[in-house]
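This is a predicted model, so every value here is computed, not measured. All ligand and atom numbering here is 1-based and tracks the order in the structure.
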Amino acid sequence: MENFSYHTPSSVADAAKLLEGAEDAKLIAGGMTLLPTLKQRLAAPSDLIDLASVPGLKGVTREGDEIVIGAMTTHAEVHENALVREAIPGLASLAGQIGDPAVRHRGTIGGSISNADPAADYPAGLVGHGATVVTNKRKIAADDFFTGLFETALETGEIVTSVRFPVPTWSAYQKLRHPASGYAVVGVLVAQTKSGVRVAVTGAGPSVFRVAKMEEALTRDFSAKAIEGITIPADEMNNDIHASAAYRAHVVTVLAKRAVAAR
Ligand SMILES: Cc1cc2nc3c(=O)[nH]c(=O)nc-3n(C[C@H](O)[C@H](O)[C@H](O)COP(=O)(O)OP(=O)(O)OC[C@H]3O[C@@H](n4cnc5c(N)ncnc54)[C@H](O)[C@@H]3O)c2cc1C
């Protein structure tokens, strides 16, 4: 690990000022991804800006038909939260399937989505529920937030402050876990929302994606049978030592059917 300056700002505005003023600064949330990256010298930021002591970034509230989750809320807190369990049990279940207990008690929703790992679970949770990412500068629809492999719409100096989830009629998350890390080899979130059925897939491709054909079929007939003949083209799927592209494509349909069958 290289030397860096460590900062503990006490407001989002101060954190943003530090982020924009330093030569090559990085925010740190749970550190679950960033610290191993620093230890392996894959990144050597000049400054680390810790969001831990910034007030207002942690916790869950209900505002009308939306559940609002602060960026510094850990996966364990989302999993255990009574409001999330009651209003969006599919999201509580997703958070409880992330990694292991240590990761769930340190890792945060803001850190996870800003990192945009192609095998992370939350991208499917956000896109599947039609969530909105709130930053210190603007609101970004989840559909526009994840732009590629480890890439998001976040600009320099932009800090995720919360995520707003519209309460769905119903949702469920199904995942094929990597047996060592817990990351999603494939994860599928199916939600019935006011604006129709949404099907979001993580782990299978370079970034989270929706399956329009399944959404249309499930809007007509919400049954596992309605999507059993829908196949995902394998040519844009990830192909690595964990699973072939063809296998991942096959598993998307299997998991989508399981999610629907859980209704
Ligand atoms: C062993 C292991 C297993 C794991 N298994 C899973 C799994 O099964 N599923 C899964 O989804 N994830 C998994 N993870 C990742 C975990 O969910 C982490 O929580 C996540 O990668 C990063 O969150 P963090 O809060 O630790 O962020 P950090 O590591 O602190 O930061 C990650 C990145 O996000 C940026 N960042 C952090 N907060 C913000 C913010 N508010 N605004 C803007 N940028 C920000 C940082 O600058 C950094 O670039 C695993 C991690 C480990 C180590």
Check each heavy atom of [X] against ligand 1 and say whether those closer than 4.0 Å belong to the side chain, the backbone, both or neither.
| X | value |
| --- | --- |
| Leu51 | side chain |
| Val103 | side chain |
| Lys175 | side chain |
| His75 | side chain |

Looking only at protein heavy atoms, which one is nearest to [atom], and how far off is it?
| atom | answer |
| --- | --- |
| atom 31 (O) of ligand 1 | Leu34 CB, 4.1 Å |
| atom 47 (O) of ligand 1 | Leu27 O, 2.6 Å |
| atom 12 (N) of ligand 1 | Tyr183 CE2, 3.3 Å |
| atom 9 (N) of ligand 1 | Asp121 OD2, 2.6 Å |
| atom 20 (C) of ligand 1 | Thr33 OG1, 3.5 Å |
| atom 38 (N) of ligand 1 | Ala29 CB, 3.5 Å |
| atom 53 (C) of ligand 1 | Met32 O, 3.5 Å |

Proximal ligand 1 atoms for [X], defined as those under 4.0 Å from one of its heavy atoms:
| X | answer |
| --- | --- |
| Ile28 | 30 (O) |
| Lys26 | 49 (O) |
| Gly107 | 19 (O), 25 (O), 26 (O) |

Listed by chain and number, what are the side chain to side chain contact (heavy atoms under 4.5 Å, CB included) partners of Ala22, not counting sequence neighbours?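 Only Ala25, Ser46, Asp47 meet the side chain to side chain contact (heavy atoms under 4.5 Å, CB included) criterion with Ala22.
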Look only at the side chain of Thr74 and the backbone of His105, and say whether a donor-acceptor pair between them is shorter than 3.5 Å. no
Please check if the side chain of Arg248 supplies one atom and the backbone of Val186 the other of a donor-acceptor pair under 3.5 Å.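 Checking the backbone N and O of Val186 against the side chain of Arg248, no donor-acceptor pair under 3.5 Å is found.
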How long is the straight-line distance from OG of Ser114 back to CG of Leu27, given to the nearest 0.5 Å?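 Rounded to the nearest 0.5 Å, the CG-OG separation comes out at 7.5 Å.
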Minimum distance, heavy atoms only, to [atom]: which one of [options] is it?
| atom | options | answer |
| --- | --- | --- |
| atom 42 (N) of ligand 1 | Asp50, Thr202, Ile113, Val160 | Val160 |
| atom 24 (P) of ligand 1 | Ala71, Ala116, Ala120, Gly30 | Gly30 |
| atom 7 (C) of ligand 1 | Ser114, Gly111, Gly99 | Gly99 |
| atom 30 (O) of ligand 1 | Gly31, Gly70, Ala95 | Gly31 |

Compute the minimum heavy-atom distance from Met72 to ligand 1 and say whether it is under 4.0 Å.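 Met72 does not count as a contact of ligand 1 under the 4.0 Å cut-off.
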Does any N or O of ligand 1 fall below 3.5 Å from an N or O anywhere on Thr108, backbone included?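 Right, the criterion is met.
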Does an N or O anywhere in Ser181 fall below 3.5 Å from an N or O of ligand 1? yes
For a quick check under 3.5 Å, do Glu215 and Thr219 share a side-chain donor-acceptor pair by atom type? no
Testing the 3.5 Å rule here: is there a donor-acceptor pair between the side chains of His79 and Arg85? yes
Are Tyr183 and Leu255 linked, directly or through intermediate hydrophobic residues, by side-chain heavy-atom contacts shorter than 4.5 Å (ILVMFWY only)?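 Result: no, two separate clusters.
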Taking a hydrophobic cluster as the set of Ile, Leu, Val, Met, Phe, Trp and Tyr residues connected by side-chain heavy atoms closer than 4.5 Å, whether directly or through intermediates, do Val188 and Val211 fall within one such cluster?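 Both belong to a single hydrophobic cluster.
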Taking atom CG as the centre, does Asp24 end up with more than 12 heavy-atom neighbours from other residues, nucleotides or ligands that are less than 6.0 angstrom away? yes
Quick check: do Leu91 and Ile69 have side-chain heavy atoms less than 4.5 Å from each other? yes
Close side-chain approach of Arg198 and Leu189, heavy atoms under 4.5 Å: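 The answer is no; the side chains never approach within 4.5 Å.
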Please collect all side-chain hydrogen bond (donor to acceptor under 3.5 Å, both in side chains) contacts where either partner lies in residues 56-68, sequence neighbours excluded, each pair once. Lys58-Glu77, Glu63-Arg164, Asp65-Lys194, Glu66-Arg164
Should Val254 and Gln174 be marked as a side-chain contact (heavy atoms from CB on, under 4.5 Å) after you check the CA-CA gap, both sets of side-chain angles, and the distance that decides it? CA-CA 9 Å; Val254 172; Gln174 288 285 331; over 6 Å; no
